[in-house]
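A short worksheet on the structure shown next.
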Amino acid sequence: MLSPKKVKWRKMQKGRVRGAESRGLELAFGDYGLKATETARVDARALEAARIALTRHIKRGGRVWIRVFPDKPFTKKPAETRMGKGKGGPEGWTAVVRPGRILFEMEGVDRPTAREAMRLAAHKLPIKTIVVEREEGALGA
């Protein structure tokens with residue numbers, strides 16, 4: 001699963017996930033992409049499950065890029081613990097995703113296979129997504 005090798009602070013405040021994404025809006029590497037249409041914190045486990053679903057469907061054909069990284073820790077207090085006594089210990093990592101962000105990209109597979117693989121990956125994620133494709137005749141394609 002994805003997680004940072006080293007962080008400056010073990011615990012981080014949640015904050016609010018608001019507004020639209022300003023970076024990572026266009027396909028940069030592949031021909032097909034999975035774009036987020038709503039806001040969420042996507043867990044590292046969900047990203048890994050989506051990646052596995054994607055790569056299993058394309059059966060070692062093509063390449064896959066993950067365009068988000070879970071670098072924000074979330075904490076959890078132990079079960080059956082009374083309130084208070086401080087913040088819980090770090091439990092896992094999340095990626096903050098805003099609308100418009102490309103989550104996964106893929107190349108080297110035909111259109112129906114790519115769309116089905118992206119559909120399977122989307123089912124593993126906690127947000128609504130759309131499949132985007134590179135336009136024919138685009139610069140750099």
- Query: Does Val109 share a hydrophobic cluster with Phe104, counting links as ILVMFWY side-chain heavy atoms below 4.5 Å and allowing steps through other members?
  - Reply: yes
Would you be so kind as to tabulate the donor-acceptor pairs closer than 3.5 Å made by side chains of residues 52-66, with sequence neighbours excluded?
unit_1, atom_1, unit_2, atom_2, d
Thr55, OG1, Arg51, O, 3.0
Thr55, OG1, Ile52, O, 3.2

- Message: Give me the atom names and distance for the closest heavy-atom approach of Asp31 to Gly108.
- Response: OD2-N, 4.4 Å
- Message: Taking the side chain as everything from C-beta on, heavy atoms only, tell me whether Trp93 gets closer than 4.5 Å to Pro4.
- Response: yes
- Message: Other members of the hydrophobic cluster containing Val17, with the 4.5 Å side-chain heavy-atom rule, please.
- Response: Val96
Side chains of residues 112-132: which donor-acceptor partners sit under 3.5 Å, not counting sequence neighbours?
unit_1, atom_1, unit_2, atom_2, d
Thr113, OG1, Asp110, OD1, 2.5
Thr113, OG1, Asp110, OD2, 3.4
Arg115, NH1, Glu133, OE2, 2.8
Glu116, OE1, Arg119, NE, 3.1
Glu116, OE2, Arg119, NH2, 2.7
Arg119, NH1, His123, NE2, 3.1

- Message: Among residues at least two apart in sequence or on other chains, which ones pass salt bridge (charged side-chain N to carboxylate O under 4.0 Å, His left out) with Arg67?
- Response: Glu105
- Message: Listing request: all salt bridge (Lys or Arg N to Asp or Glu O under 4.0 Å) pairs with a residue in residues 71-85, at least two apart in sequence or in separate chains.
- Response: none
- Can you see which heavy atom on Pro99 is nearest to which on Gly19, and at what distance? CD-O, 3.5 Å
- Message: Let's go through Val68 and Arg101 carefully: what are the C-alpha distance in whole Å and the side-chain angles of both, what is the deciding distance for side-chain contact (heavy atoms from CB on, under 4.5 Å) to 0.1 Å, and is it a yes or a no?
- Response: CA-CA 8 Å; Val68 291; Arg101 183 75 182 206; 3.7 Å; yes
- Item | Heavy-atom side-chain contact between Leu47 and Pro70 under 4.5 Å | yes
Run the side-chain donor-acceptor check on residues 6-16: report pairs under 3.5 Å with partners two or more places apart or on a different chain.
unit_1, atom_1, unit_2, atom_2, d
Lys11, NZ, Lys87, O, 3.4
Lys11, NZ, Gly88, O, 3.4

Result block: side-chain N/O donor-acceptor pairs under 3.5 angstrom for residues 21-28, not counting sequence neighbours:
none

- Query: How would you list, by chain and number, every residue that makes a ring pair (Phe, Tyr, Trp, His ring centres under 6.0 Å) with Phe69, sequence neighbours excluded?
  - Reply: none
- Query: When clusters are formed by joining ILVMFWY residues with side-chain heavy atoms under 4.5 Å apart, either directly or through shared neighbours, do Val42 and Leu2 land in the same one?
  - Reply: yes
- Query: Under 4.5 Å between side-chain heavy atoms, hopping through other hydrophobics if needed: is there a path connecting Leu34 to Met106?
  - Reply: yes
